[in-house]
Undergrad: 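I have a structure I would like to understand better, so I am pasting it below and will then ask my questions one at a time.
Remember, predicted model here, so these are calculated numbers, not experimental data.
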Amino acid sequence: AAASERERGLQTMKRSLYLAVSAAFCTSLLIFSQTPASAQTNVLPSLLAFPEQAIAVTIPTATPTTAEDWTERGLALFQSRNYDEAIQAYNQAIRLDHKSAAAYAGRALVYYCKGNMELAKPAAKDTTENQDYLNALSDYNLAIALNPAETSYRLGRVHVYMKLSRSQDALADLNFI
């Protein structure tokens with residue numbers, strides 16, 4: 001009985017942690033989505049506005065030439081819910097500057113949102129097997145390695161950890177923040 005009580009307590013704690021992180025995540029996404037791209041140089045998303053709502057944005061028509069330009073294009077494509085094109089833009093930014101933490105974090109966010117869309121499908125698999133979440137985790141790890149001081153990257157990784165049922169890792173990141 002004591003073990004069962006403890007297990008229920010842990011489940012309640014996990015749900016509470018998930019809800020708290022989700023609320024913080026969505027709030028930071030909303031704030032980020034309202035920040036002009038030019039002011040987002042090193043502070044790429046903690047997250048973006050609610051994934052189910054496309055944001056009216058103008059996607060630059062000029063061909064980007066720098067990693068920063070490609071990162072801004074990726075953000076605009078992401079905000080308009082063109083996830084596959086956003087990933088391609090972030091890939092190009094990374095090709096031009098493999099040390100761009102913002103590009104890795106931006107791509108991680110896109111993968112995270114794609115993972116959420118997969119879960120909404122009737123034949124969705126367990127979240128621990130979702131390749132988009134695993135890609136997001138890998139990119140957040142790289143972004144954090146490149147810019148360990150940027151807490152929004154850790155917050156994004158916390159959210160991914162929760163989707164992957166890795167609450168201990170999520171807790172470790174939250175304690176770091």
Side-chain angles (χ1 to χ4, degrees), residues 21-121 124 127 130-164 173 177:
V21 170
S22 294
F25 195 71
C26 289
T27 301
S28 60
L29 282 179
L30 182 59
I31 292 167
F32 180 79
S33 70
Q34 295 170 352
T35 304
S38 59
Q40 297 170 359
T41 19
N42 290 325
V43 190
L44 201 73
S46 138
L47 299 273
L48 100 337
F50 305 93
E52 66 276 3
Q53 298 175 353
I55 298 170
V57 295
T58 303
I59 298 170
T61 54
T63 303
T65 56
T66 67
E68 187 176 297
D69 292 345
W70 280 105
T71 299
E72 285 194 25
R73 182 176 185 79
L75 176 62
L77 289 163
F78 169 71
Q79 289 176 328
S80 64
R81 296 180 63 194
N82 292 317
Y83 296 145
D84 292 330
E85 290 179 49
I87 288 170
Q88 293 308 313
Y90 286 122
N91 288 345
Q92 186 60 31
I94 292 165
R95 276 187 210 100
L96 292 172
D97 180 4
H98 68 279
K99 292 185 178 186
S100 172
Y104 284 112
R107 190 172 69 179
L109 180 58
V110 177
Y111 280 129
Y112 175 82
C113 288
K114 280 187 70 176
N116 284 345
M117 289 178 64
E118 283 300 310
L119 283 182
K121 294 180 180 176
T127 60
N130 185 303
Q131 189 60 48
D132 289 318
Y133 290 146
L134 297 174
N135 290 340
L137 179 59
S138 175
D139 279 351
Y140 275 127
N141 288 340
L142 288 166
I144 291 165
L146 291 166
N147 187 355
E150 181 53 58
T151 58
S152 66
Y153 301 162
R154 285 188 192 277
L155 182 58
R157 187 168 72 175
V158 164
H159 220 59
V160 174
Y161 278 146
M162 294 304 292
K163 290 291 187 176
L164 294 172
D173 264 358
I177 296 171

Undergrad: Heavy-atom distance under 4.5 Å between the side chains of H98 and Y104, does that happen here?
TA: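 SC-SC contact between H98 and Y104 confirmed.
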Undergrad: With a 4.5 Å cut-off on side-chain heavy atoms, are Y90 and L75 touching?
TA: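 In short, these two side chains touch, coming nearer than 4.5 Å.
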Undergrad: Side chains of Y112 and D132: does their closest heavy-atom pair fall under 4.5 Å?
TA: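 A side-chain contact under 4.5 Å is absent here.
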Undergrad: Side chains of D84 and K114, heavy atoms from C-beta outward: is any pair under 4.5 Å?
TA: yes
Undergrad: Which of these, V158, D173, V160, L155, sits in a side chain to side chain contact (heavy atoms under 4.5 Å, CB included) with Y140?
TA: V160
Undergrad: Name all residues meeting the side chain to side chain donor-acceptor pair (under 3.5 Å) criterion together with E85; count only those two or more places apart in sequence or in a different chain, and write none if there are none.
TA: none
Undergrad: Show the nearest heavy-atom pair for residues L96 and A67, with the distance to one decimal.
TA: CD1-N, 3.8 Å
Undergrad: Where is the tightest heavy-atom contact between W70 and P64, given as atom of each residue plus distance?
TA: NE1-O, 3.4 Å
Undergrad: Looking only at heavy atoms, which two atoms of T71 and A103 are closest? And how far apart?
TA: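 Where T71 meets A103 most closely, the heavy atoms are OG1-CB, 3.7 Å.
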Undergrad: For a quick check under 3.5 Å, do N135 and Q131 share a side-chain donor-acceptor pair by atom type?
TA: yes
Undergrad: Between the main-chain N or O of L134 and the side-chain N or O of S138, is there a donor-acceptor pair closer than 3.5 Å?
TA: no
Undergrad: Tell me, which pairs form a salt bridge (Lys or Arg N to Asp or Glu O under 4.0 Å) where one or both residues lie in residues 92-105, sequence neighbours left out?
TA: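 The answer is none; no pair qualifies.
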Undergrad: What are the two closest non-hydrogen atoms of A86 and G74, and how far apart are they?
TA: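 Answer, listing the atom of A86 first, then G74: CB-O, 3.5 Å.
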Undergrad: Report yes if the side chains of K163 and N130 come closer than 4.5 Å at any heavy-atom pair, otherwise no.
TA: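 No - every pair of side-chain heavy atoms lies 4.5 Å or more apart.
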Undergrad: Quick one, Y83 and R81 - any side-chain contact, counting heavy atoms below 4.5 Å?
TA: yes
Undergrad: Minimum heavy-atom separation for A136 to A108, with atom names?
TA: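 Here A136 and A108 meet closest at CB-O, 3.3 Å.
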Undergrad: Got a sec, which pairs hit salt bridge (Lys or Arg N to Asp or Glu O under 4.0 Å) with one end in residues 134-146, sequence neighbours left out?
TA: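 Every salt bridge (Lys or Arg N to Asp or Glu O under 4.0 Å) pair that includes a residue of residues 134-146, provided the two are not neighbours, is R107-D139.
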